[in-house]
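Quick caveat: nothing in here was measured; it's all calculated off a predicted structure. Scope of the values below: all heavy atoms of this structure, side chains included, with no hydrogens, waters or symmetry mates.
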Amino acid sequence: MGTHEDRYVHGTRVVHDGPREAPPLLLVHGSGAAGSSWGPVVPALAERHRVIRIDLPGHGQSPPAPSYDVPGQAARLAAVLDELGVRAVTAAGHSSGGYVATALAERRPDLVGSLALISSGPSPDALLPQPLLLRALLGPPLGPLLWRARSDAVLRRGVTSVCHRPVDVPDELVADVRGIGYPAFRAVLRQNGAYIAERSLPARLTALDLPVLALFGAADPRWDPASAHQYATVPNARVEQLPGVGHFPMLEAPEATAESLLRFAAARLRE
């Protein structure tokens with residue numbers, strides 16, 4: 001897999017895997033997760049790419065930020081990539097990480113050569129009724145109290161509640177999720193909703209004119225799997241669905257997810 005490095009850049013935790021001279025592949029996690037959520041797919045990706053994982057502000061081992069608006073998160077991510085000296089990355093975002101990756105391409109088109117969106121809801125109307133556990137954790141009046149009392153078992157159930165297949169939630173991910181504060185998480189969710197309410201993701205991607213992969217689990221309980229077809233309206237977009245997979249393809253089907261990302265990245269590099 002090559003080199004491995006874990007460090008901070010402009011206050012953001014950054015983890016590198018794979019050869020530094022290989023084409024860069026940026027992995028952006030979703031809300032309530034961390035860079036460690038990509039762990040199961042990293043070994044396969046790092047055989048061919050310089051894999052860069054980040055913990056977004058207030059997540060994992062990155063400190064909180066004054067604001068969590070999506071363009072602001074993209075700006076912080078751009079500063080990290082500038083410091084690392086990488087350009088034209090293949091940027092892959094899971095769930096709301098796809099919004100941050102898209103905003104990065106909007107803000108700094110020189111930094112992004114292509115976009116892979118995994119389980120990224122295209123618009124607010126695609127959101128399904130959420131699992132009871134997540135509603136209890138997020139909503140008043142019980143949310144703040146339950147958040148402070150979360151056990152490792154509850155944290156694992158929070159992840160598996162949006163999965164369709166049985167998964168083993170990595171210990172590192174459980175530890176990283178524990179570090180997320182309730183106010184930060186609530187703010188992130190509000191800002192994510194505002195971003196796609198202002199303009200849908202397919203509309204934003206059409207304006208960018210980049211190669212796009214939209215990868216969905218066909219049994220996603222968070223976003224309507226049928227909404228993946230909205231991405232088919234985007235020029236240069238490929239839509240793929242993974243049968244029997246929920247919201248976390250990296251945990252539920254790591255081999256198939258890695259293969260899709262590698263095919264997409266290789267096709268883009270051949271262009």
When you compare the side chain of [Y] with that of [X], does any pair of heavy atoms fall below 4.5 Å?
| X | Y | value |
| --- | --- | --- |
| R7 | H16 | yes |
| L261 | L45 | yes |
| P235 | T206 | yes |
| L210 | L205 | no |
| I52 | L27 | no |
| R156 | D171 | yes |
| V51 | V41 | no |
| R263 | S260 | yes |

Do side-chain atoms of [X] reach the backbone of [Y] as a donor and acceptor pair under 3.5 angstrom?
| X | Y | answer |
| --- | --- | --- |
| Q130 | L128 | yes |
| Q191 | V70 | no |
| S200 | I196 | no |
| S62 | G58 | no |
| Y99 | G30 | no |

Pairs meeting criterion ring pair (Phe, Tyr, Trp, His ring centres under 6.0 Å) with involvement of residues 52-80, two or more places apart:
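Matches after skipping sequence neighbours: H29-H59.
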
Report the C-alpha distance between D17 and E47 in whole Å, list the side-chain angles of each, state the deciding distance to 0.1 Å, and finish with yes or no for side chain to side chain contact (heavy atoms under 4.5 Å, CB included).
CA-CA 9 Å; D17 289 285; E47 290 182 0; over 6 Å; no

Spell out, yes or no, whether [X] and [Y] are grouped together once hydrophobic residues are joined by side-chain heavy atoms under 4.5 Å, including indirect joins.
| X | Y | answer |
| --- | --- | --- |
| L26 | L56 | yes |
| I54 | L115 | yes |
| L251 | L117 | no |
| I180 | L77 | no |
| V28 | V159 | no |

Could you pull out all donor-acceptor pairs under 3.5 Å where a side-chain atom in residues 32-39 meets a protein atom, sequence neighbours excluded?
residue, atom, partner, partner atom, Å
S36, OG, D176, OD2, 2.7
S37, OG, A34, O, 2.7

side-chain hydrogen bond (donor to acceptor under 3.5 Å, both in side chains) partners of residues 158-167, not counting sequence neighbours, each pair once:
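Applying side-chain hydrogen bond (donor to acceptor under 3.5 Å, both in side chains) to every pair that reaches into residues 158-167, excluding sequence neighbours, yields nothing.
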
Identify the two heavy atoms, one from [X] and one from [Y], that lie closest to each other, and give their separation to 0.1 Å.
| X | Y | result |
| --- | --- | --- |
| R107 | P71 | NH1-O, 4.1 Å |
| P57 | R76 | CG-NE, 3.1 Å |
| L242 | A256 | CD2-CB, 4.1 Å |
| L189 | S31 | CD2-OG, 3.5 Å |
| G11 | P63 | O-CD, 3.1 Å |
| P221 | C163 | CG-N, 4.5 Å |

Could you tell me whether the side chains of N192 and S96 share a donor-acceptor contact shorter than 3.5 Å?
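Side-chain D/A pair, N192 to S96: present.
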
By side chain to side chain contact (heavy atoms under 4.5 Å, CB included) - contacts of [X] (at least two apart):
| X | answer |
| --- | --- |
| T90 | L25, S114, F264, A265, R268 |
| E255 | none |
| A149 | none |
| P144 | R148, Y182 |

Using the side-chain hydrogen bond (donor to acceptor under 3.5 Å, both in side chains) criterion, which residues pair with E198? Sequence neighbours excluded.
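E198: side-chain hydrogen bond (donor to acceptor under 3.5 Å, both in side chains) contacts with R204.
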
With sequence neighbours excluded, residues passing side-chain hydrogen bond (donor to acceptor under 3.5 Å, both in side chains) with R108:
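Testing R108 for side-chain hydrogen bond (donor to acceptor under 3.5 Å, both in side chains), a comparison that skips the adjacent residues, returns D82, D110.
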
Is it the case that over 12 heavy atoms from other parts of the model lie below 6.0 angstrom from the CZ atom of R150?
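Atom CZ in R150 is crowded, with more than 12 foreign heavy atoms closer than 6.0 Å.
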
Reference residue V15; test side-chain contact (heavy atoms from CB on, under 4.5 Å); the match among H4, E5, Q61:
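Going through the options one by one, the only one that passes is H4.
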
Ring pair (Phe, Tyr, Trp, His ring centres under 6.0 Å) against F185, all qualifying residues, sequence neighbours excluded
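If we apply the ring pair (Phe, Tyr, Trp, His ring centres under 6.0 Å) test to F185, skipping adjacent residues, the hits are W147.
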
For residues 212-220, dump all side-chain donor-acceptor pairs below 3.5 Å to protein atoms at least two apart in sequence or in another chain.
residue, atom, partner, partner atom, Å
D220, OD1, R222, N, 2.7
D220, OD1, W223, N, 3.3
D220, OD1, H247, ND1, 3.3
D220, OD2, H247, ND1, 3.0

I would like to know whether L111 and R87 meet side chain to side chain contact (heavy atoms under 4.5 Å, CB included); could you show each step before the answer?
CA-CA 5 Å; L111 294 178; R87 291 289 185 276; 3.3 Å; yes

List the steps and the verdict of salt bridge (Lys or Arg N to Asp or Glu O under 4.0 Å) for R157 and D152.
CA-CA 9 Å; R157 285 201 297 272; D152 285 0; over 6 Å; no

Review item, side-chain donor-acceptor pairs of residues 225-232, under 3.5 Å, at least two apart:
residue, atom, partner, partner atom, Å
S227, OG, D224, O, 2.6
Y231, OH, S120, O, 2.6

Starting at [atom1] of [X], measure out to [atom2] of [Y] and round the result to the nearest 0.5 Å.
| X | Y | atom1 | atom2 | result |
| --- | --- | --- | --- | --- |
| L173 | R178 | CG | CZ | 12.0 Å |
| L81 | L104 | CG | CG | 6.0 Å |
| T12 | D55 | OG1 | CG | 8.5 Å |

Go through N236 and V234 one step at a time and tell me if the side chain to side chain contact (heavy atoms under 4.5 Å, CB included) criterion holds.
CA-CA 6 Å; N236 302 319; V234 178; over 6 Å; no

